[in-house]
Amino acid sequence: MSLKAVNNTEKNTVELEIEISAEEFEEAIQKTYLKTRKRISMPGFRKGKAPRKLIEREYGEEFFFEDAVNSIAPKAIDSAVDESGIELVDRPDAKVTQISKENGVVIKATCTVKPEVEISDYKGIEVEKVVNAVTDEDVDKKANKICEKNARLINADDREAVNGDIVVIDFKGFKDDVAFEGGEAEDFDLELGSGQFIPGFEEQIVGHKAGESFDINVTFPEEYQVEELKGADAVFKINLKEVKFKEVPLLDDELIKDSTEFDTVDEYKADIKKTLEESAEKAAENDVERKLFDKLVENMKADVPQVMYDNRVNEMLQELSQRLAPQGITLQQYFQYTGQSLDSAKKVYEGQAKSQVDLRLALEQIVKLEGIQASDEEIEAEYTRIADAYGLEVDAVKAQLTDKGIALDVAVSKAVDLVKETAVIK
């Protein structure tokens, strides 16, 4: 294989002209013949035993050309890409322009490449850091959750149900006097006023006592996820079995001793305040990082190919699919549960994908401008970090990733550190 020419045809597009010699092509044809002959029948020969020359004479000398080119072209294109030094952002669009046994093969591969990037003012970026103060009200709200956690349910069958009560019900829904799918349950625990059911459902249980059976009338919202129930009137037959209310204990030293590692309410609240302040500080640091990244993208100039954004969206959907897999949920099922489609999900991710791609390009340009490099030790440490994060052996990670890619990731992380260290935080 030889790279004959590298042509910049248009913005972010490079055309590679690749020549595969007659000798290389002949070798690929012979390998294709040996691989496929067992499927070829010729009169006078057992299946798979027909000579190549006879097959070519019968079906034409081009008979093995397509499979031979398909077998050799990917490696030839990869070699040409490496030799040219271009950075691909999508699979090349390859086309055979010449082919013969005498002269070999010429392929033109149209490649979409990373854009030229300009970045300025990436050092000394000024941003404001805002740390939200932790108030006594915040601490009390968090502390009182332990009271809710230790609340007891007390039977209240002797009175009518009110908002805040927990009721146990059987229910069955009907539309036009016909029961509909998914509208039935038994011994269902429902906190009245929680908004768990559609508007009007919980409100009509209020005022009834345990042991009563009654009907409630509701109208499903127009945006309801089940098509046949959108905006539909429905009747639910209710059997109210139990009414209970929460008895919430007081927040005192005795409760704290029984429920936590602390001895007093004051100690417990002090620990909560410390945790909330640490969370506020972390949130402020994350906000500073976001502001810095936003400024970087603002200071970057690049004509980014749309395919880079599209590829990132597809990666994000693949990542979502991998997170759902352990739960036994497919991407299609997830869309059904959430009322989304593939197209609507892609639109949700578009903005995030654009920000991520633009930021990565900005940071990679800083790496180039600053001459940032990753040491062998840092590359090995990154392999180890990835292996630990995914519960894999380091060799398994190395089999899937490349030193070049890992080195760039490490260098980009260093570029982030550079931006942070030189930033002016107010």
Side-chain angles (χ1 to χ4, degrees), residues 1 3-18 73-95 107-123 125 289-290 292-319 346 349-374 378-379 382-383 386 400-419:
M1 186 283 299
L3 179 60
K4 291 181 63 178
V6 179
N7 303 310
N8 293 309
T9 55
E10 55 185 275
K11 190 169 288 185
N12 301 324
T13 304
V14 173
E15 184 182 81
L16 304 180
E17 191 169 348
I18 306 156
K75 186 176 180 180
I77 294 171
D78 288 344
S79 297
V81 168
D82 290 341
E83 185 177 339
S84 68
I86 63 175
E87 294 184 88
L88 294 179
V89 298
D90 199 21
R91 293 177 62 85
D93 181 15
K95 183 182 297 184
I107 297 172
K108 285 188 177 179
T110 303
C111 307
T112 304
V113 298
K114 282 186 178 179
E116 293 184 4
V117 177
E118 295 179 15
I119 181 77
S120 61
D121 302 326
Y122 55 86
K123 292 180 181 178
I125 297 176
E289 182 177 271
R290 179 190 59 78
L292 288 172
F293 289 166
D294 287 346
K295 288 284 184 70
L296 278 183
V297 172
E298 287 176 14
N299 296 339
M300 182 195 75
K301 293 181 181 178
D303 191 355
V304 183
Q306 181 61 39
V307 69
M308 293 188 72
Y309 300 138
D310 295 340
N311 287 345
R312 182 57 192 139
V313 168
N314 290 333
E315 288 172 0
M316 293 166 78
L317 288 170
Q318 182 61 33
E319 290 163 5
K346 285 184 175 181
Y349 285 128
E350 277 176 2
Q352 190 178 347
K354 184 179 187 306
S355 297
Q356 291 179 0
V357 170
D358 289 349
L359 176 61
R360 177 75 181 200
L361 288 172
L363 290 169
E364 287 182 3
Q365 185 62 15
I366 293 173
V367 168
K368 292 178 182 178
L369 294 173
E370 295 290 329
I372 299 173
Q373 295 182 340
E378 289 169 331
I379 292 172
E382 182 64 7
Y383 275 126
I386 295 171
Q400 299 178 47
L401 304 175
T402 65
D403 285 358
K404 183 178 179 181
I406 292 294
L408 180 55
D409 287 344
V410 172
V412 164
S413 293
K414 288 184 171 184
V416 171
D417 293 339
L418 172 68
V419 171

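For the numbers below, each heavy atom of this structure counts, side chains included, while hydrogens, waters and symmetry mates do not.
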(message) To the closest 0.5 Å, what do you measure between NZ (Lys354) and CE (Met308)?
(response) 11.5 Å
(message) If the condition is side-chain hydrogen bond (donor to acceptor under 3.5 Å, both in side chains), which residues does Glu382 pass it with, not counting sequence neighbours?
(response) Arg385
(request) Using side chain to side chain contact (heavy atoms under 4.5 Å, CB included) as the criterion, point out the one residue from Gln373, Glu378, Glu370 that pairs with Lys414. (result) Glu378
(message) As a quick check of understanding, evaluate side-chain contact (heavy atoms from CB on, under 4.5 Å) for Glu364 and Val117, giving each step before the final call.
(response) CA-CA 9 Å; Glu364 287 182 3; Val117 177; over 6 Å; no
(request) Apply side chain to side chain contact (heavy atoms under 4.5 Å, CB included) to Asp403 and list each qualifying residue two or more places apart in sequence or on a separate chain. (result) Ile379, Tyr383
Without placing hydrogens or testing angles, list every side-chain donor-acceptor pair under 3.5 Å for residues 81-94, not counting sequence neighbours.
from	atom 1	to	atom 2	distance (Å)
Ser84	OG	Ala80	O	3.2
Ser84	OG	Val81	O	2.9
Ser84	OG	Ile86	N	3.4

(request) Applying salt bridge (Lys or Arg N to Asp or Glu O under 4.0 Å), name anything that partners Glu116, two or more places apart in sequence or on another chain. (result) none
(message) Run Ile125 and Asp121 through side-chain contact (heavy atoms from CB on, under 4.5 Å) and show every step you take.
(response) CA-CA 7 Å; Ile125 297 176; Asp121 302 326; 5.8 Å; no
(request) Please name all residues satisfying side-chain hydrogen bond (donor to acceptor under 3.5 Å, both in side chains) with Lys95, sequence neighbours left out, ordered by chain then number. (result) none
(request) Drop me the distance from Ile406's CD1 to Ile386's CD1, to the nearest 0.5 angstrom. (result) 3.5 Å
(message) Under the criterion side-chain contact (heavy atoms from CB on, under 4.5 Å), I'd like the reasoning laid out for Val297 against Ser355: C-alpha separation, chi angles, the key distance, then a yes or no.
(response) CA-CA 8 Å; Val297 172; Ser355 297; over 6 Å; no
(message) Holding to side chain to side chain contact (heavy atoms under 4.5 Å, CB included), I want the full list of residues that pass it with Lys301, two or more places apart in sequence or in another chain.
(response) Glu118
(request) Please assess Gln365 against Met300 for the test side-chain contact (heavy atoms from CB on, under 4.5 Å), listing each intermediate value before the final yes or no. (result) CA-CA 9 Å; Gln365 185 62 15; Met300 182 195 75; over 6 Å; no
(request) Measure the CG-CZ distance between Leu363 and Phe293 for me, rounded to the nearest 0.5 Å. (result) 6.0 Å
(request) Check side-chain hydrogen bond (donor to acceptor under 3.5 Å, both in side chains) between Tyr349 and all other residues, then give those that pass, not counting sequence neighbours. (result) none
(request) Quick one: closest heavy-atom pair of Ala415 and Val367, and the distance? (result) CB-CG2, 4.0 Å
(message) Once side-chain hydrogen bond (donor to acceptor under 3.5 Å, both in side chains) is applied, do any residues pair with Lys295, and if so which ones, sequence neighbours excluded?
(response) none
(message) Can you tell me how far apart CD1 (Ile77) and SG (Cys111) are? Round to the nearest 0.5 Å.
(response) 7.5 Å
(request) Applying salt bridge (Lys or Arg N to Asp or Glu O under 4.0 Å), name anything that partners Glu350, two or more places apart in sequence or on another chain. (result) none
(request) To the nearest 0.5 angstrom, please state how far the NZ atom of Lys368 sits from the CD1 atom of Ile366. (result) 12.5 Å
(request) Compare every heavy atom of Ala411 with every heavy atom of Ile372, then report the nearest pair and how far apart it is. (result) CG2-O, 3.8 Å
(message) Show the nearest heavy-atom pair for residues Ile119 and Leu296, with the distance to one decimal.
(response) CD1-O, 3.3 Å
(message) Can you list everything that forms a side chain to side chain contact (heavy atoms under 4.5 Å, CB included) with Asn12? Sequence neighbours excluded, please.
(response) Pro115, Asp303, Pro305
(request) Can you measure from NZ (Lys108) to CG (Leu16) and round to the nearest 0.5 angstrom? (result) 11.5 Å
(message) Test of understanding: with salt bridge (Lys or Arg N to Asp or Glu O under 4.0 Å), list the residues that count as partners of Glu289, not counting sequence neighbours.
(response) Lys420
(request) With sequence neighbours excluded, tell me which residues meet side chain to side chain contact (heavy atoms under 4.5 Å, CB included) with Asp409. (result) Arg360
